[in-house]
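First the proteins, then the strands, lettered A, B, ... as listed; each starts at 1.
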Protein chains: 2
Amino acid sequence: MSSITIRDVADYAGVSRATVSRVLNNNPAVDQALRVRVEDAVQALGYQPNRTARRLRAQSSNVIGLIISDIRNPYFLSIIQGVEDVAYAHQMSLILCNSDEDPTKEQMYLRVMEAEHVAGLIMVPSQSSEEQQLSRLKKIGIPVILLDRVADDFEVDAVKVDNERGALDAVRHLAALGYRRIAIITGPMHLTTGRERYAGYRSALEAAGLAYDEALVKIGNFKTESGYQLTRELLAMAQPPDAIFVSNNMMTLGTLRALREQGIHVPQEMALVGFDDMPWSGDLYSPLTVVSQPTYELGQEATNLLLRRLADPGLPFRTVILQTRLIVRESCGAKLRS
Amino acid sequence: MSSITIRDVADYAGVSRATVSRVLNNNPAVDQALRVRVEDAVQALGYQPNRTARRLRAQSSNVIGLIISDIRNPYFLSIIQGVEDVAYAHQMSLILCNSDEDPTKEQMYLRVMEAEHVAGLIMVPSQSSEEQQLSRLKKIGIPVILLDRVADDFEVDAVKVDNERGALDAVRHLAALGYRRIAIITGPMHLTTGRERYAGYRSALEAAGLAYDEALVKIGNFKTESGYQLTRELLAMAQPPDAIFVSNNMMTLGTLRALREQGIHVPQEMALVGFDDMPWSGDLYSPLTVVSQPTYELGQEATNLLLRRLADPGLPFRTVILQTRLIVRESCGAKLRS
DNA sequence: CTGAAAGCGCTTACAG
DNA sequence: CTGAAAGCGCTTACAG
């Protein structure tokens with residue numbers, strides 16, 4: 001074990017532990033000569049401050065907690081990297097937890113974060129209602145940044161994407177290509193992501209003068225299996241849709257699978273636009289036209305927000321909304337007509 | 001902040017802090033009546049022990065460090081989940097770091113882990129030589145479990161997959177289907193994964209009585225771009241291969257892209273087998289035949305190994321080798337002939 | 001079985 | 001500008 005402590009450094013340098021501590025913390029009120037002696041001692045001994053002791057005493061910490069809702073979803077990959085990169089740049093480390101969409105597990109991790117005295121917390125809430133989320137957060141005494149699923153009027157800092165606008169872009173694109181019966185597979189209505197993407201769908205329909213047909217609205221749970229099932233339901237209709245907008249990456253994978261199983265060609269017999277891009281979305285069975293979220297920036301932004309909050313706890317709450325981008329590949333059929 | 005300390009609980013229950021501590025740590029030598037009183041007090045106050053203080057005093061911690069080499073590779077998703085699940089089951093939390101294939105960053109995180117006094121460390125070494133890895137590890141005084149890239153004779157605990165056997169299965173499968181000019185795109189030879197998969201390729205060739213042609217061996221860096229480039233080189237040959245074995249998921253994606261760009265049909269004009277499965281491998285442009293690693297189990301096993309090591313530091317080192325599984329889909333052409 | 005006391009490795013008023 | 005001393009919230013020999 002690295003059992004070299006501040007005391008060893010102090011002895012080696014011939015100063016008090018207080019002075020060593022001051023040098024370590026860049027306290028300007030230290031004589032240059034002493035500073036150099038301490039730095040040499042640190043170097044010579046390979047000393048490394050014990051973060052646990054520092055945290056206990058200083059009542060401050062340089063670790064950030066990150067709780068995400070489903071580690072298996074590649075959506076979170078770049079988000080994690082975004083968080084990690086800016087945390088690293090600020091010399092902070094990360095504790096990552098996976099709530100697995102389980103409010104109980106989430107609650108437990110919230111307590112862990114508290115017990116670990118993390119400086120702050122970034123979290124993607126699990127699939128529970130907003131009131132539940134809020135009440136859970138109220139219980140912990142740590143700055144929290146909410147990510148992805150978040151109502152605009154929450155009393156917390158948050159980062160999200162303009163879901164309604166993204167969905168609107170997607171469906172408008174489909175309408176412009178001439179599709180008339182556009183279905184949506186959206187997420188749970190108690191999640192803002194499910195609700196807002198659905199709202200964008202309705203706006204686009206209206207703007208395009210297309211009739212709203214409730215039979216074309218399917219509500220899934222953002223998992224592959226649910227995309228698969230709901231697509232089968234859509235295909236079994238007497239009058240199936242001619243296009244489908246699927247509101248997240250995992251469900252889109254399920255939709256694609258269902259379509260392929262039934263031998264339905266995309267986009268010739270069914271157009272498809274998904275939400276969320278993945279590095280391999282262009283390499284899928286049908287290269288996916290997609291509403292792309294700036295995931296890396298989402299992670300960066302959340303971390304910046306947290307850093308800002310830590311620096312100045314009195315600031316008013318802020319919600320940062322990032323824009324999506326429509327990436328046109330083949331599944332929407334745009335290239336069929338050109 | 002949760003400023004309720006062990007002292008508050010002691011006062012409330014009318015016992016000493018030592019007794020509270022004993023109850024908290026399930027020390028059996030506590031009178032039943034006192035135990036109940038303490039538990040009630042904990043309950044009533046909503047007390048939660050400060051982990052930082054405990055860690056400092058007890059010189060032991062319940063956090064596990066996990067350093068992976070590239071958070072953007074979906075390969076690590078299930079691994080992380082495997083680690084997380086068993087850690088969670090044992091009430092341990094995770095610090096996740098991403099070395100990003102950068103030995104300097106890795107070195108820094110190693111120091112962080114040490115400074116954080118994590119109980120132990122699971123790591124996927126970055127792309128450096130084994131000696132470098134070893135010497136870096138020697139410097140830290142924490143139990144380490146190596147994952148994925150690891151020589152069998154390392155003086156550490158390790159978990160890996162039988163790379164040579166996996167590659168052999170893949171190439172033998174190709175040979176059995178009648179392909180004669182089978183190329184390999186492998187990883188860096190200073191990584192065991194690159195080396196061992198290459199060795200499996202050679203064994204399979206030999207077993208099948210196929211000539212070894214150095215021109216058919218390409219060495220990439222496990223990233224998409226390199227798979228793409230090397231595939232183009234392969235296609236530009238006077239006498240291109242009739243099948244390609246690609247030794248990781250990211251490079252396979254690059255290969256697929258290159259093939260599609262050149263309008264080459266898989267498997268009709270070129271057969272393809274990849275290493276690593278992904279949940280969407282069957283939904284790609286050509287559903288991928290693949291050597292699948294038990295990633296979730298890899299993560300579980302690594303964590304179990306660590307737990308075992310923590311429980312008994314004197315145990316001899318152990319390397320756990322898990323088997324791969326060949327998943328036959330369409331890219332290999334097996335279904336063409338049936 | 002229980003408590004008083006020391007101490008884990010730091011930081012930070014407080015004097016000087 | 002510097003050091004002696006107290007203390008962060010726990011755990012753990014040591015007595016009894």
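- In this structure, the side chain to side chain contact (heavy atoms under 4.5 Å, CB included) partners of B:Pro294, at least two apart in sequence or on a different chain, are B:Val161, B:Glu297, B:Leu322.
- Between the side chain of A:Ser78 and the backbone N or O of A:Thr295, no donor-acceptor pair lies under 3.5 Å.
- Contact check for A:Val20 versus A:Leu24: side-chain heavy atoms found under the 4.5 Å cut-off.
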Enumerate, atom names and distances included, each donor-acceptor pair closer than 3.5 Å involving a side-chain atom of residues 79-87 of chain B, sequence neighbours excluded.
unit_1	atom_1	unit_2	atom_2	d
B:Gln81	OE1	A:Arg72	NE	3.4
B:Gln81	OE1	A:Arg72	NH1	3.0
B:Glu84	OE1	A:Lys105	NZ	3.4
B:Glu84	OE2	A:Asn98	N	3.2
B:Glu84	OE2	A:Tyr109	OH	2.4
B:Asp85	OD2	B:Tyr296	OH	2.4

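- Taking every nucleotide of DNA chain C with any atom under 4.0 Å from a non-hydrogen atom of chain B, the first and last of them, 5' to 3', are C:dC1 to C:dG9.
- Each side chain to side chain donor-acceptor pair (under 3.5 Å) pair with one or both residues in residues 18-33 of chain A, not counting sequence neighbours, appears once here: A:Ser16-A:Thr19, A:Ser21-A:Asn25.
- Applying the salt bridge (Lys or Arg N to Asp or Glu O under 4.0 Å) test to every pair with at least one member in residues 36-58 of chain B, sequence neighbours left out, gives these pairs: A:Glu116-B:Arg51, A:Glu116-B:Arg55.
- Contacts between residues 16-25 of chain B and DNA chain C, defined by a heavy-atom separation below 4.0 Å, involve B:Ser16, B:Ala18, B:Thr19, B:Arg22, listed by number.
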### Query
For DNA chain D, what is the dot-bracket line, given that a base pair needs Watson-Crick (N1 to N3, plus N6-O4 or O6-N4) or G-U wobble (N1-O2 and O6-N3) geometry with both distances under 3.5 Å, and | means paired with another strand?
|||.||||||||.|||

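- Listed by chain and number, the residues in a side chain to side chain donor-acceptor pair (under 3.5 Å) with A:Asp100 amount to none (sequence neighbours excluded).
- Legend: ring pair (Phe, Tyr, Trp, His ring centres under 6.0 Å) pairs involving residues 36-81 of chain A, not counting sequence neighbours: none detected.
- Under the 4.5 Å side-chain criterion, counting only non-hydrogen atoms from C-beta, B:Phe222 is in contact with B:Pro188.
- Counting heavy atoms from C-beta outward, A:Leu110 and A:Leu121 have side chains that approach closer than 4.5 Å.
- Within the structure, side chain to side chain donor-acceptor pair (under 3.5 Å) pairs that include any residue of residues 299-315 of chain B comprise B:Asp157-B:Arg309 (at least two apart or interchain).
- Listed in residue order, the members of residues 26-44 of chain A having a heavy atom less than 4.0 Å from DNA chain D are A:Ala29, A:Val30, A:Asp31, A:Leu34.
- Remark: A:Arg17 engages A:Ile6, A:Arg7, A:Ala10 in a side chain to side chain contact (heavy atoms under 4.5 Å, CB included) (not counting sequence neighbours).
- When each of B:Ala53 and B:Val15 is assigned the nucleotide of DNA chain C with its nearest heavy atom, B:Val15 is the one assigned upstream, toward the 5' end.
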